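Only this structure's heavy atoms are used, side chains among them; waters, hydrogens and symmetry mates stay out. None of the values given here were measured: they were computed from a predicted structure.
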Amino acid sequence: MGLLDREFSDGNIVIAKTEDLLNWARLSSLWQLSFGLACCAIEMMATSASHYDFDRFGVIPRPSPRQADIIIISGTVTLKMATRIKRLYEQMPDPKYIISMGSCSNCGGPYWEHGYHVLKGVDRVIPVDVYVPGCPPRPEALLEGLIKLQEKIRHETLRKKTA
Amino acid sequence: MKEYLKNTWEGIWTVLVGMKVTLKHLFVPSVTIQYPDVKLPLPERARNRLYVNMDDCIGCDQCARACPVDCIEIETVKALPTDDLGVTSNGKKKALWVTKFDIDIAKCCYCGLCTYPCPTECIYMTDVYEFSEYKREDLIYNFSVLTPQEAEEKKKNYEKFMAEKAAAKAKAAAAKAAQAKTDNPNNSDKK
Amino acid sequence: MNLYDIIFYLFAAITIVSAFIVVNAKNIVYAAFSLLFTFFGVSGLYVLLGADFIAIVQVMVYIGGILVLLLFGVMLTHKITSVDIKAGSVQTIPAVIIIGIFAALLIGLMYSTHWAVNPAEIPVTTTKSLGKTLVTEYVLIFELLGILLLVAMIGAATIARRDGDK
Amino acid sequence: MYEYLNNIVGNEVITYFVVAALPLFLVVLPFALIAVLAERKVSAHMQDRLGPMRVGYHGILQTVADILKLIQKEDIIIPQADKKLFNLAPFLVFIGSYAVFAALPFSSKFIGTNAEVGIFYILAVSGFVVAGILMGGWASDNKYSLLGAMRSAAQIVSYEIPTAIVVLTLVMITGTLNLGTMSEQQTAYFWNWNILGGAGEGIQQILLIPFMVVAFTILFISTLAEVNRTPFDIPEAESELVAGFHTEYSGMKFAMFFLAEYANMFAVSAIIVSLLFGGYQSPFGYLGNTLGIPALIPFEQLFWFLSKGVFFVFVQMWLRWTLPRLRVDQLMTVCWKYLIPYAVFNLLIVGIITLI
């Protein structure tokens, strides 16, 4: 993961403070790839619009995956789209994050049993950071998922994990 | 020529009209709901996360059958005659141990169809919508109040009970058969 | 060696190196982009000669206009970058002889000439005097050039016009 | 300016470098930091939103976070790309937009170069931006980048013509190419500004006013198009070309393009200000003169120049969030069929008026 690969063997106060700063920068400026799939995308647009205002969290849409930090998989992932999602994800520069939004992208949703054309969960092709349940989730639920993701980024570390 | 000048004028004028609108909106107070600090009250019948009140559940499996996406999984074990399961709040007597009541909330599509057939109204949709998770497994909700060991025990108990019952039955049947045998010669003679 | 000398050598080096790349680059896009630096270096030399207006015109016309059009042409041409632009037969020996003679001539001239050395002066603005010269002394040439360009433009427009529009 | 610094530093060469770096650190970088946030805030409030709120008080640290994040991002160079040109392009674009600042008269004491060809120089060095954009678009080996670069170059080259004609109009009135002198001529008090006929007296000035307004409109539109801002942002039209010529750029290289765009925004605003709106001159006379402290005047001038420039940047943002994007043919129609004829007629009429 680029910078995060270079782990320090032991932490000290300088590294701790630096990584706090870097984590803070990463979590407060998550540029989103403007990418929507199905009905959840409508809720995602509503989240970007005036009432919920994604921009408050520093999330702005970027058209190019090269400049995006986060991809919100919003809707039914068909098998055909899955390859494209994988490609888009691979085109994004590290560090990159994924929010899986809605039942369909979490596990196939209503199509989990009989949907011959639906990928049963987007985590089968790309690693998901946060799952937001809902069909579709309310905009607040997506915002809560984003806050959860920010919490996750806040606890990322350059140091080697001592677990 | 006249049209050309008219086009020019309209081009400039319409842009100015548009700019007036946006300028007005610059000073309109914003409508944003600052989510984590301020939350919009939900409508009374909002359908969000499912919840099962296990105290009232009789394990009838009707919700699982109503679910269009099959996200509810219920397993039940019949209670022994000696077990007292109590009654539900609307006075129904419970007769089944619910050993497994899993709802895969990731699959749920919030249609609410499971809530209608429930005879005790123990499964219902709450207004909780903030439950995103880091792991998908965490989205499978186990509502069963029994621990796996307890469930296992209940199952064993029931099997034992059934086995005993079967044994008793078999014994009874054997006894009956034996008695029938002793009685038989007389009967057959009649024929 | 003062600042002006350093800047002079810098610009001279940029000009020569990039001009060398223009001639030698196999990739035509590289050649076109090196031309940019050649023009830039030349305009820098103009500035050092006190010809600020010419320098700016150099940048404006050559970099802003001609080079961009050139790049347009290069990029819109299908697969032009993979074309080998070097000529098939390179006559190295005759070329070396001719260049040698030419260089010897030039160097000889350089050394035999008595250069008029003036003390370096702060460049004064040339725009006004240039404008005056253009519309007084050389007004006829100026106008003729204008007419020539106009004719060229009308010609180009005529050729490019679609016949169906008549 | 040079003298002050030369006395402090004591070495000619170092002084030049210091002078060259001053606008970068005093104006360009802080301006870009503030402008990006301002853009987001202005857009948010125009859409009845709030904009960045959660980083610092009302999100004032948002751009700092953005920059820190962009530094951390992986720098992707796709294997098919032409690495040399790919790496060079953002720098060329940045040089092009930064070189413009050398000739801007921030105040009577602070002009990078007081060259006689100031405004002409600014028009010329913006050619580097075009070359850089073409270079980046071509080196990316991406069809969207190439198309974006082509569009961008065609647009900038086309719109340079009306800009140049309007600048010529202004040069005709003021009789100088030097932006510093031009600003000096439009002395204190706003009725001396070129948009209101310049510093002269008499009927000429009143006759000039409508034509100066036309000149301002043309100049504003064409400079807007030159910096690829909405409604003229077809080179980076999201729905057609992903992100235009910088589709393949990530991390800091993208930040360079971003920075150059905002630097350009200020540069063109500053050109409009110095040509038509009195440059660094205060509209109401100087506090330094009233109080009798001449040392205060340059700072006042800097303040007025920056605030006027920022005002026009605001107008650019305002337009951006008002208008939809033009189509390519509409863009060219606006330039060749409307702006250029109007600019030429304007030039002719202003010429006749000045001759009267």
Problem set entry | Toward chain A, the part of D:Ile67 with a non-hydrogen atom under 4.5 Å | neither

Exercise. Among D:His246, D:His58, D:Gln47, which has the most heavy-atom pairs under 4.5 Å with chain A?
Worked result: D:His246

Seminar exercise, completed: Highest number of heavy-atom pairs under 4.5 Å with chain A among D:Ser43, D:Gly51, D:Ala44, D:Ser250 belongs to D:Gly51

Problem set entry | For chain A, the option from D:Met53, D:Lys73, D:Arg54 that forms the most heavy-atom pairs under 4.5 Å | D:Lys73

Exercise. Judged by modelled atom types alone, do D:Gln155 and D:Asn228 share a side-chain donor-acceptor pair under 3.5 Å?
Worked result: yes

For this session: Flag yes if more than 12 heavy atoms outside D:Tyr144 fall under 6.0 Å of its OH atom; otherwise flag no.
Result: no

For this session: Would you please say whether a donor-acceptor pair under 3.5 Å links the side chains of A:Ser100 and A:Asn106?
Result: yes

For this session: Tell me, please, whether A:Tyr111 has A:Lys120 positioned over its six-membered ring: NZ or CZ under 6.0 Å from the ring centre and within 45 degrees of its axis?
Result: no

Problem set entry | Under-4.0 Å salt bridge between D:Glu39 and D:Arg229 | yes

For this session: Let me know if D:Ile78 has heavy atoms under 4.5 Å from chain A in its side chain, its backbone, both or neither.
Result: side chain

Please tabulate, for the side chains in residues 83-91 of chain D, all donor-acceptor contacts under 3.5 angstrom to protein atoms that are two or more places apart in sequence or on a different chain.
residue : atom : partner  : partner atom : Å
D:Asn87 : OD1  : D:Lys253 : NZ           : 2.9
D:Asn87 : ND2  : D:Lys83  : O            : 3.3

For this session: Identify which of A:Leu27, A:Val59, A:Leu30, A:Asp69 forms the greatest number of heavy-atom pairs closer than 4.5 Å to chain D.
Result: A:Asp69

Problem set entry | Top contributor to chain A interface from D:Leu241, D:Leu50, D:Asp75 [non-hydrogen pairs under 4.5 Å] | D:Leu50

